[in-house]
Protein chains: 2
Amino acid sequence: MERIPILRMGRLLLVTIQVDMHDRLALALQDDLTARIVKDGARGVLIDISSLDIVDSFIGRMLDTIASMSRMLGAETVVVGMRPAVAITMVELGLSLKGVRTALDVEKGMEILRNRP
Amino acid sequence: MERIPILRMGRLLLVTIQVDMHDRLALALQDDLTARIVKDGARGVLIDISSLDIVDSFIGRMLDTIASMSRMLGAETVVVGMRPAVAITMVELGLSLKGVRTALDVEKGMEILRNRP
């Protein structure tokens with residue numbers, strides 16, 4: 001159980017982050033996700049962080065990196081399920097996830113990705 | 001991070017099991033899932049086990065219990081993403097998940113649930 005599963009739903013990929021991220025796991029996720037975007041021809045990536053109590057600068061940076069990589073491969077990333085407390089802490093820490101789109105939940109995230117031009 | 005997230009997609013709920021299940025977590029999942037089925041009026045539950053290397057009798061029983069509970073609340077359960085090695089081991093252990101439907105991946109599971117009468 002060292003890898004985070006990537007689920008395919010039509011032309012979208014869904015990643016649910018449930019475990020503490022560490023360097024190796026984050027790198028593995030980047031590798032797996034970029035490979036899957038290409039293999040599946042994905043147009044969008046949804047990253048669900050509703051299990052996370054804390055998003056620190058490491059995870060913030062990882063989300064940003066994943067979004068940039070995905071964009072280069074033609075897929076847009078939407079981070080969904082952020083808890084209110086997490087949003088508060090992140091802004092207080094000066095992390096604003098500028099490069100990443102967000103949505104309240106998976107359904108709203110899917111809508112954003114389906115309606116993109 | 002003591003709870004497994006439940007994601008809503010239309011009238012389906014998606015649960016991705018990534019961590020080692022223990023008693024307390026399994027009970028919490030049953031509670032959360034039954035509550036969400038009622039609250040969201042869900043018609044189906046997808047449980048993704050593609051991250052699991054091993055499905056022992058504890059997890060097998062849990063999947064069975066969840067399927068029975070969901071059925072009583074009007075939702076069908078489909079277990080998706082089982083690895084070939086897991087299927088082999090389960091049959092060898094005499095665990096056949098008789099009460100639970102299975103599908104290869106989330107997409108196929110969604111199809112089954114959408115086409116149910």
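Chain identifiers are assigned alphabetically (A, B, ...) following the order of the sequence lines, protein sequences preceding nucleic acid strands; residue numbering begins at 1 within each chain.
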Is B:Val15 reachable from B:Leu52 through a run of hydrophobic residues whose side-chain heavy atoms are each under 4.5 Å from the next?
yes

Membership question, hydrophobic clusters at under 4.5 Å side-chain separation (ILVMFWY): are B:Met62 and B:Leu33 in the same one?
yes

Output the distance between atom CZ (A:Arg3) and atom CG (B:Asp53), rounded to the nearest 0.5 Å.
11.5 Å

Any link between B:Leu104 and B:Ile49 through a network of hydrophobic side chains (Ile, Leu, Val, Met, Phe, Trp, Tyr) touching at under 4.5 Å?
no

Between B:Leu14, B:Leu7, B:Val106, who has the most heavy-atom pairs with chain A when the cutoff is under 4.5 Å?
B:Leu7

Would you say A:Ile112 ends up clustered with A:Val45 if hydrophobic residues are merged whenever their side chains have heavy atoms under 4.5 Å apart, either directly or through other cluster members?
no

Determine whether a donor-acceptor pair (N or O, by modelled atom type, separation under 3.5 Å) exists between the side chain of A:Gln18 and the backbone of B:Ile4.
no

Membership question, hydrophobic clusters at under 4.5 Å side-chain separation (ILVMFWY): are A:Ile66 and A:Met82 in the same one?
yes

At a 4.5 Å cut-off on heavy atoms, which part of B:Asp105 comes close to chain A: side chain, backbone, both, or neither?
neither

Contacting moiety of B:Thr16, where chain A heavy atoms sit under 4.5 Å:
both

Spatial distance of atom CE (B:Met9) from atom CG (A:Leu12) [nearest 0.5 Å]
10.5 Å

